[in-house]
Amino acid sequence: MTGDRSSLKVSTALAHRFSPIRFDGSAVVTPGQVDLLLDAARLAPSAGNSQPWMFIVGHRSDVNHRRIVRHLARSSSSWAPDASLLVVNLAQISVEGTPGQEYSEFARYDLGQAVAHMTFQGLALGLAAHQIRGFDRDGLACEFAVPPHWEATSITVLGTAALAGVSAPSTSRVRAARASITWARSSA
């Protein structure tokens with residue numbers, strides 16, 4: 001790659017990404033778009049190609065969505081149900097039938113890669129995403145009969161943001177400077 005590094009730019013979609021707390025309750029995500037989101041996750045890299053992830057998808061107003069909403073924390077239950085999709089992100093944390101044997105020390109990291117790929121695909125489709133951990137993990141696992149070697153790690157809330165630029169009060173678009181996040185770097 002040639003050229004001045006200062007002329008390189010981060011993707012516009014990533015530069016303007018935010019985590020909305022208001023979603024358009026009438027916006028629809030089609031089954032084809034859900035397939036694209038899942039395919040993006042499916043294509044993410046993982047340690048040893050282990051792919052230690054699965055997803056529970058709930059479309060607004062379907063039975064899975066209602067079952068997921070029941071387990072949201074109060075902090076998310078006021079706004080997340082309006083989103084087009086609630087996607088429960090599952091990580092395989094141990095070997096089936098062997099609770100003490102870790103499946104992969106990278107399982108949660110790999111799930112994060114898959115969720116990031118899904119989020120980026122959502123941006124390409126014009127969808128906003130908000131990642132949450134505010135839910136009853138055990139209750140959700142029981143609701144969907146998730147076996148103990150899998151973990152309901154997080155939920156991705158996806159849809160059309162109702163108001164562009166509106167984010168949770170505790171979040172900010174201000175990010176640390178590149179130098180602040182770089183522990184060590186050789187100049188090349």
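Residues Leu125 and Leu123 do not share a hydrophobic cluster, defined by chaining ILVMFWY side chains whose heavy atoms lie under 4.5 Å apart. Under the 4.5 Å side-chain contact rule for hydrophobic residues, Val146 and Ile93 do not share a cluster. Cluster annotation: Phe135 and Trp150 are assigned to the same hydrophobic cluster (Ile/Leu/Val/Met/Phe/Trp/Tyr, side-chain heavy-atom contacts under 4.5 Å, transitive). No continuous path of ILVMFWY side-chain contacts below 4.5 Å connects Val115 to Ile155, so the two sit in separate hydrophobic clusters. No path of Ile, Leu, Val, Met, Phe, Trp and Tyr side chains, each step under 4.5 Å between heavy atoms, connects Ile21 with Val87, placing them in separate hydrophobic clusters.
In terms of heavy atoms, Asp110 sits closest to Pro45 at OD1-O, 4.3 Å. Summarising the geometry of Ala114 relative to Ala44, their closest heavy-atom pair is CA-CB, 3.6 Å, with the distance given to 0.1 Å. The shortest non-hydrogen separation linking Pro148 to Ser94 is O-OG, 4.3 Å. Between Ala47 and Phe106, the closest heavy-atom pair is CB-CD1, 3.7 Å.
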Show the numbers, then the answer: is there a side-chain contact (heavy atoms from CB on, under 4.5 Å) between Gln92 and Met54?
-> CA-CA 8 Å; Gln92 184 172 358; Met54 291 192 79; over 6 Å; no
Audit row: Val88, Thr153, side-chain contact (heavy atoms from CB on, under 4.5 Å) steps and yes/no | CA-CA 8 Å; Val88 180; Thr153 305; over 6 Å; no
side-chain contact (heavy atoms from CB on, under 4.5 Å) assessment of Phe55 paired with Leu111 = CA-CA 10 Å; Phe55 304 96; Leu111 173 63; 4.1 Å; yes
Please assess Val157 against Trp79 for the test side-chain contact (heavy atoms from CB on, under 4.5 Å), listing each intermediate value before the final yes or no.
-> CA-CA 10 Å; Val157 181; Trp79 57 269; 3.9 Å; yes
Please step through side chain to side chain donor-acceptor pair (under 3.5 Å) for the pair Thr119 and Gln131, ending with a clear verdict.
-> CA-CA 9 Å; Thr119 300; Gln131 310 297 332; 3.1 Å; yes
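Note that the CD atom of Gln51 and the OG atom of Ser46 stand 5.0 Å from one another [nearest 0.5 Å]. Interatomic distance, CZ of Arg42 versus CG of Asp39, reported as 4.5 Å (0.5 Å rounding). To the nearest 0.5 Å, atoms CG (Leu90) and NE2 (His149) are separated by 10.5 Å. Taking CE of Met118 as the start and CH2 of Trp53 as the end, the distance is 10.0 Å to the nearest 0.5 Å. Atom-to-atom distance recorded for Ile132:CD1 and Leu72:CG is 5.0 Å, nearest 0.5 angstrom. How far NE2 of His59 is from CG of Leu158: 10.5 Å, rounded to the nearest 0.5 Å.
Residues passing the side-chain hydrogen bond (donor to acceptor under 3.5 Å, both in side chains) test with Asn89 are Ser154, Thr156, sequence neighbours excluded. Residues satisfying the salt bridge (charged side-chain N to carboxylate O under 4.0 Å, His left out) test with Arg60, not counting sequence neighbours, are none.
The one candidate from Asn64, Val63, Ile68 that meets the side-chain contact (heavy atoms from CB on, under 4.5 Å) condition with Arg66 is Val63.
The closest donor-acceptor contact from the side chain of Thr30 to the backbone of Gln33 lies under 3.5 Å. A side-chain donor-acceptor contact under 3.5 Å links Arg137 to the backbone of Ala152.
In this structure, the side chains of Val57 and Leu38 come closer than 4.5 Å at one or more pairs of heavy atoms.
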